[in-house]
There are 2 protein chains.
Amino acid sequence: MTIKKKTKDLILDAAEELFAIRGFYGVSIRQITSKAEVDPALASYHFGKKKDIFEAVMLRRAEVLNRERIQMLDDCIRRAKPNPAPLNEIIDAFTHALLNRSLKGGDGWRSYFAIIAQINNHPELGGVIMSQYFDPLAKKFIAAIQANMPDSQDEDLFWCYHFLSGALTLTFSGTERISKLSAGVCSSSDLDAVHERLVPFITAGFKAFDKQRN
Amino acid sequence: MTIKKKTKDLILDAAEELFAIRGFYGVSIRQITSKAEVDPALASYHFGKKKDIFEAVMLRRAEVLNRERIQMLDDCIRRAKPNPAPLNEIIDAFTHALLNRSLKGGDGWRSYFAIIAQINNHPELGGVIMSQYFDPLAKKFIAAIQANMPDSQDEDLFWCYHFLSGALTLTFSGTERISKLSAGVCSSSDLDAVHERLVPFITAGFKAFDKQRN
DNA sequence: AAAATATTTCAACATTTGTTTAATTATTAG
DNA sequence: CTAATAATTAAACAAATGTTGAAATATTTT
């Protein structure tokens, strides 16, 4: 016997799923509350404005995700001490929690990442959350890379990070186009396959800017 | 003395700019026609439904862009004959027109790419246009890579292409977050800097899956 | 020139939008 | 139990939504 979910979470669950498909402006509060089987007025009562619902959806999972990723990054750095952490381990630490949740986290997480992919390309909406939760981690990540590649230029590393971010983002969006393009080549639903390829790909990309090694 | 623009183009220009900022659902027909300084009914008259306006916006530039990119790819393959085209040239051919238009094409092109970044992560909207104009090129591109790396596995190459696509997409979106993150490191508006880094980064990523070389 | 077609205008339509108000029911605290 | 607080309901609001129709104006064709 499962306990009854609270209204707040019912609304967030419904909002999460709908925002993932149609974006912020493509979803009405009535659609959300209807899917949550709840009175429309409860959305305002519990969260305030529509934007606040959206931010609540983002915050709910951002916290746990952020904690996991920082932990992995710290672990990987501590393991390697006093040497700098290996490049591929840094990149794995940065991406592992994301890919893992996206694959094994269930529908809620899948929706969540679809939203992340949207707002990552859309300044107006996710500005606050993204910079609050993701940017600090990004800086930590770049710093770890810098320790591994001390002779590389900051500007190069920044762009490399940028490319990594884009590759990750698109992977999460789960577009149908991808599976159509790859028809017969592979099943894009098997996200384990991504992990085996993303890390080597990105690692090699970073190493191309390692002055010491080249 | 400049000639007066036709109504159709006035609407498309306004729509392009607005869609880029707020997405399909975030923009109303009245906002579009108001910016275009044109009667709201003219949108329906010239284009039909709202979705048709969106598709018209996409088509207008997709054609010229597609032609340019196919041309560059063919040129690069022909130049190298009978050998396979070099990896970095293939990738440059794939990205050059995009980055060039994005940098030097003016505001219209910038808006256009922002929309591309949105729909690339959003199946419902850009499915038709993307698969009509971009997927054929993607296949051509992957085929060229395959010729260069005959021993590599199809599945690997597909994913590498996927990562490239993501990196490109995020670059075009022009998010403010990027410039905040890179504060003091570099000016993200200088897209020439991207080109110098994207090609080596992606090339190295692909080469990581070159069985022959490794 | 007149006739035919293309474009533009203005007004209106039925829905849907986000949000608020006041009344009612559940839950918790004293 | 009683009082106080929290949560839910139903109704209503003005504003904005996409789209259409018929009349008026431009443009092109004959």
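Proteins come first, then strands; the chains are lettered A, B, ... in the order of their sequence lines, and each starts at number 1.
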In the structure I gave you, are the side-chain heavy atoms of [X] and [Y] within less than 4.5 Å of one another anywhere?
| X | Y | result |
| --- | --- | --- |
| A/Asp107 | A/Arg110 | yes |
| B/Val199 | B/His96 | no |
| A/Thr95 | A/Val194 | no |

Pairs under 3.5 angstrom only: tabulate donor-acceptor contacts from the side chains of residues 70-77 of chain A to other protein residues two or more places apart or in another chain.
from: A/Asp74; atom 1: OD1; to: A/Lys140; atom 2: NZ; distance (Å): 3.3
from: A/Asp75; atom 1: OD1; to: A/Arg78; atom 2: NH2; distance (Å): 2.6

Presence of [X] side-chain N/O under 4.0 Å of [N] phosphate oxygens OP1/OP2:
| X | N | result |
| --- | --- | --- |
| A/Thr7 | D/dA7 | no |
| B/Ser28 | D/dA16 | no |
| A/Lys49 | C/dT20 | yes |
| A/His46 | D/dA6 | no |

Which residues pass the side-chain contact (heavy atoms from CB on, under 4.5 Å) test with B/Arg69, not counting sequence neighbours?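 By the side-chain contact (heavy atoms from CB on, under 4.5 Å) rule, B/Arg69 matches B/Leu65, B/Phe94, B/Ala97, B/Leu98, B/Phe134, B/Leu137.
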
Apply ring pair (Phe, Tyr, Trp, His ring centres under 6.0 Å) to B/His46 and list each qualifying residue two or more places apart in sequence or on a separate chain.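 Partners of B/His46 by the ring pair (Phe, Tyr, Trp, His ring centres under 6.0 Å) criterion come out as none, since no residue qualifies.
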
Partners passing ring pair (Phe, Tyr, Trp, His ring centres under 6.0 Å) against A/Phe163 (at least two apart in sequence or in another chain):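 Listed in chain order: B/Phe201.
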
Rounded to whole Å, how long is the line connecting atom [atom1] of [X] with atom [atom2] of [N]?
| X | N | atom1 | atom2 | answer |
| --- | --- | --- | --- | --- |
| A/Tyr45 | C/dG18 | OH | C1' | 19 Å |
| A/Arg22 | D/dT17 | CZ | C1' | 13 Å |
| A/Ile11 | D/dA7 | CD1 | C1' | 11 Å |
| A/Phe47 | C/dT19 | CZ | P | 13 Å |
| A/Tyr25 | D/dA16 | OH | P | 15 Å |
| A/Asp52 | C/dT20 | CG | P | 11 Å |
| B/Lys51 | D/dG18 | NZ | C1' | 12 Å |

Work out which heavy atom in B/Gln31 is nearest to a heavy atom in B/Gly26; give both atom names and the distance.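 Closest approach of B/Gln31 to B/Gly26: OE1-O, 3.7 Å.
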
So, for A/Ala208 and B/Ala204, which heavy atoms are closest and what is the spacing to 0.1 Å?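 Nearest pair, atom of A/Ala208 first, then B/Ala204: CB-CB, 3.8 Å.
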
So which of residues 29-44 of chain A are in contact with DNA chain D, with a heavy-atom cut-off of under 4.0 Å?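 DNA chain D contact set from residues 29-44 of chain A: A/Arg30, A/Asp39, A/Ala41, A/Leu42.
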
If you check every side-chain atom of B/Lys50, which of C/dT8, D/dA6, D/dT19 has the closest atom?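 The closest nucleotide is D/dT19.
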
When Watson-Crick pairs (N1 to N3 and N6-O4 or O6-N4) and G-U wobble pairs (N1-O2 and O6-N3) count only below 3.5 Å on both distances, what is the dot-bracket string of DNA chain C, with | for other-strand pairs? .||||||||||||||||.||||||||||||

